[in-house]
Number of protein chains: 2
Amino acid sequence: MDPNQSETRLRLLQAAGEVFAEQGFRKATIRDICSRAGANIAAVNYHFGDKEKLYASVLQHWLGEAMKKYPPDGNLPADAPARERLGAFVRSWLFRMLGEGTPAWHGKLMAREMSEPTAGFELLMSESVRPMAQRMNGLMKDLLGADADERMVRNCALSVAGQCCFYRHAHEMIRRLYPDHKNTPDQIEHLADHVTRFSLAAIEAYPRGKKDRSAVPSIQ
Amino acid sequence: MDPNQSETRLRLLQAAGEVFAEQGFRKATIRDICSRAGANIAAVNYHFGDKEKLYASVLQHWLGEAMKKYPPDGNLPADAPARERLGAFVRSWLFRMLGEGTPAWHGKLMAREMSEPTAGFELLMSESVRPMAQRMNGLMKDLLGADADERMVRNCALSVAGQCCFYRHAHEMIRRLYPDHKNTPDQIEHLADHVTRFSLAAIEAYPRGKKDRSAVPSIQ
DNA sequence: CTCCGTTTGAAACTCCCGTTTGAAACGATC
DNA sequence: GATCGTTTCAAACGGGAGTTTCAAACGGAG
């Protein structure tokens with residue numbers, strides 16, 4: 001009864017996720033999506049209004065699915081040690097971005113949205129990016145200790161985020177550079193392992209000395 | 001005389017760099033490019049053949065300009081200490097990706113090409129990505145020492161690369177998250193400073209103990 | 001059975017944009 | 001000054017794709 005649960009509506013969300021993820025918003029065609037969903041061209045208009053509204057629905061739908069499958073806290077209690085919480089955070093993030101299977105569209109859509117924002121960008125900002133950033137900043141404060149200033153917290157958070165996102169953003173590049181690179185579940189575990197170790201090592205050994213620029217000679 | 005230096009040809013390369021960088025290949029229209037270049041629609045066909053060949057020329061042109069302005073070795077002698085070479089490498093990379101001004105198109109084009117490869121992708125792989133990866137791997141070997149295996153070298157290289165690229169890929173996101181974030185030259189210096197410190201700290205404190213997974217508890 | 005709201009279907013409509021064309025302007029060479 | 005190669009111009013062509021339309025099928029309620 002509920003038109004939001006209609007059979008063809010769901011098939012459209014699925015097919016559109018697939019097509020938008022692999023082609024991008026502009027290159028994707030409604031005809032292709034409807035054909036894959038076994039629906040008529042007019043179905044998009046009927047169920048969503050137009051192409052852009054369909055896209056927004058797809059974004060929201062698969063974000064929800066991904067978050068449900070890989071929650072950001074990794075099912076870890078909030079009072080677990082910060083180092084473990086970082087590990088779980090990184091791990092779930094990588095799985096959300098790289099994991100294959102049904103909700104895999106999310107990572108690709110997100111990556112596209114980052115480098116080429118569309119009307120759905122604000123949605124992702126408020127429903128995904130901002131909460132994630134907040135969680136990450138809290139984690140960093142715990143790890144860096146009380147003597148870390150805002151700027152350092154932010155920088156370190158961005159360094160961790162950069163490592164995580166890179167495997168999605170630059171996936172095509174990495175694949176050509178290292179043909180044996182695959183995104184199988186156990187490979188992702190290894191990546192999470194590395195990113196966590198690398199980041200924890202960096203955070204704990206970060207040179208705190210004020211004005212100690214010796215490590216980074218300003219070149220000419 | 002040389003048709004490669006023709007006045008309107010150069011104006012087209014400039015305007016196309018601007019438009020492709022801010023709109024992407026598909027969204028950009030030849031009409032817009034020609035209008036900004038003060039040229040006729042047919043000029044693209046005449047000087048480059050078609051839209052795709054124009055795009056490839058733009059990619060190559062601005063890659064060359066960026067490399068000329070910010071060489072990957074940062075004008076540092078090849079026998080400089082590895083830590084300094086890493087600093088120079090990171091710094092020049094960030095400037096190439098983020099620096100404003102004329103050759104700024106390069107970074108944006110590159111970022112787009114990463115997340116949505118077109119026909120020009122192979123060009124970037126062979127002329128930019130592979131040489132950079134090789135340089136980076138050499139650096140990592142020097143920094144990690146002889147006991148580092150291939151996998152660790154690769155992982156650490158990707159961690160550094162991820163941090164650098166993130167500021168470009170996720171620029172729009174970072175800008176909304178932290179409105180004071182700007183890509184002015186001195187801000188870029190600070191970013192380079194942070195990325196270098198963070199990475200050097202991580203590399204030098206990276207837990208080497210085989211099988212020592214204690215730092216990264218595998219969460220259920 | 002009939003009615004009516006919901007959903008699907010095939011075709012047509014429009015607009016946008018890459019590309020082509022053929023003529024005109026220009027400039028150097030002889 | 002005539003000629004020829006090069007470059008520019010305005011206009012039109014052709015196809016692709018989002019959107020609209022209206023009729024047909026479906027399915028439950030009275």
Side-chain angles (χ1 to χ4, degrees), chain A residues 1-61 109 112-113 116-121, chain B residues 1-61 109 112-113 116-121:
Chain A
M1 280 307 95
D2 182 0
N4 278 15
Q5 313 265 6
S6 147
E7 184 57 35
T8 61
R9 193 190 137 94
L10 282 177
R11 283 208 315 277
L12 279 174
L13 282 175
Q14 182 121 358
E18 191 178 321
V19 177
F20 281 138
E22 74 185 23
Q23 316 250 27
F25 178 74
R26 289 190 75 86
K27 195 172 179 182
T29 75
I30 289 190
R31 283 173 168 83
D32 184 15
I33 291 170
C34 289
S35 140
R36 294 201 203 193
N40 188 274
I41 319 275
V44 162
N45 187 325
Y46 179 74
H47 286 283
F48 299 93
D50 58 13
K51 187 183 182 183
E52 214 170 84
K53 295 205 193 71
L54 166 63
Y55 179 76
S57 302
V58 165
L59 226 46
Q60 190 153 28
H61 179 77
L109 293 171
R112 284 184 187 284
E113 203 61 34
E116 191 166 343
T118 72
F121 188 72
Chain B
M1 280 309 95
D2 183 0
N4 278 16
Q5 312 266 4
S6 146
E7 184 57 33
T8 61
R9 192 191 138 95
L10 281 177
R11 283 209 315 277
L12 279 173
L13 281 174
Q14 183 120 359
E18 191 178 321
V19 177
F20 281 137
E22 75 185 23
Q23 317 250 27
F25 177 74
R26 292 189 73 89
K27 195 171 178 182
T29 75
I30 290 190
R31 283 174 169 82
D32 184 16
I33 291 170
C34 289
S35 140
R36 293 200 203 193
N40 188 274
I41 319 274
V44 163
N45 186 324
Y46 180 75
H47 285 284
F48 298 93
D50 58 15
K51 187 184 182 182
E52 215 169 86
K53 294 204 192 74
L54 166 64
Y55 179 74
S57 301
V58 165
L59 225 47
Q60 189 153 29
H61 179 77
L109 292 171
R112 284 185 185 285
E113 203 62 34
E116 192 166 341
T118 71
F121 188 72

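Note on naming: letters A, B, ... go to the chains in the order of the sequence lines (proteins, then strands), and numbering restarts at 1 for each one.
- Taking every side-chain heavy atom of B:Tyr46 into account, D:dT6 is the closest of D:dC9, D:dT6, C:dG18.
- Remark on DNA chain C: of its neighbouring residues B:Arg26 and A:Ala43, the 5'-side contact belongs to A:Ala43, judged by nearest-heavy-atom nucleotide.
- As rounded to whole Å, 13 Å separates atom P of D:dA17 from atom CZ of A:Phe20.
- Residue B:Ala42 places its side chain closer to C:dT20 than to any other of D:dT19, C:dT20, D:dT21.
- The nearest whole Å value for the distance from the CD1 atom in B:Ile33 to the P atom in C:dG18 is 8 Å.
- Residues B:Asn40 and B:Cys34 are not in side-chain contact: their nearest non-hydrogen atoms beyond the backbone lie 4.5 Å or more apart.
- Listed nucleotides D:dT8, D:dT20, C:dT21 differ in distance to A:Asn45; the shortest reach to its side chain belongs to D:dT20.
- Of the candidates C:dT8, C:dG18, C:dT21, the closest approach to any side-chain atom of B:Ile30 belongs to C:dG18.
- Of all heavy-atom pairs spanning B:Gln23 and B:Ala28, the tightest one is CB-N, 3.9 Å.
- Side-chain proximity of B:Arg31 to D:dT19, C:dC17, C:dG9: nearest is C:dC17.
- C:dG18 atom C1' lies 10 Å from atom CZ of B:Phe25, rounded to whole Å.
- For A:Ile41, the listed nucleotide lying nearest its side chain is D:dT19; candidates were C:dC17, D:dT19, C:dT19.
- One atom, CZ of B:Arg11, and another, C1' of D:dT7, lie 12 Å apart when rounded to the nearest Å.
- For D:dT8, the OP1/OP2 oxygens have a side-chain nitrogen or oxygen of B:Thr8 closer than 4.0 Å.
- For the pair A:Glu7 CD and C:dT8 C1', the computed distance is 14 Å after rounding to whole Å.
- Proximity of A:His47 to the phosphate of C:dT6: no side-chain N or O atom is located under 4.0 Å from OP1 or OP2.
- With a 6.0 Å cutoff to the six-membered ring centre and a 45° limit on the axis angle, B:Lys51 does not count as a cation-pi contact of B:Phe20.
- The existence of a salt bridge linking A:Glu22 and A:Arg36 is confirmed by a sub-4.0 Å separation between a basic side-chain nitrogen and an acidic carboxylate oxygen.
- The CD-C1' distance, from A:Glu52 to D:dT19, rounds to 14 Å in whole Å.
- Straight-line distance from the NZ atom of A:Lys53 to the C1' atom of D:dG18: 13 Å, rounded to whole Å.
- In this structure, the CG atom of A:Asn40 is 15 Å from the P atom of D:dC26, given to the nearest Å.
- Within the 4.5 Å cutoff, side-chain heavy atoms of A:Arg11 are placed close to those of A:Thr8.
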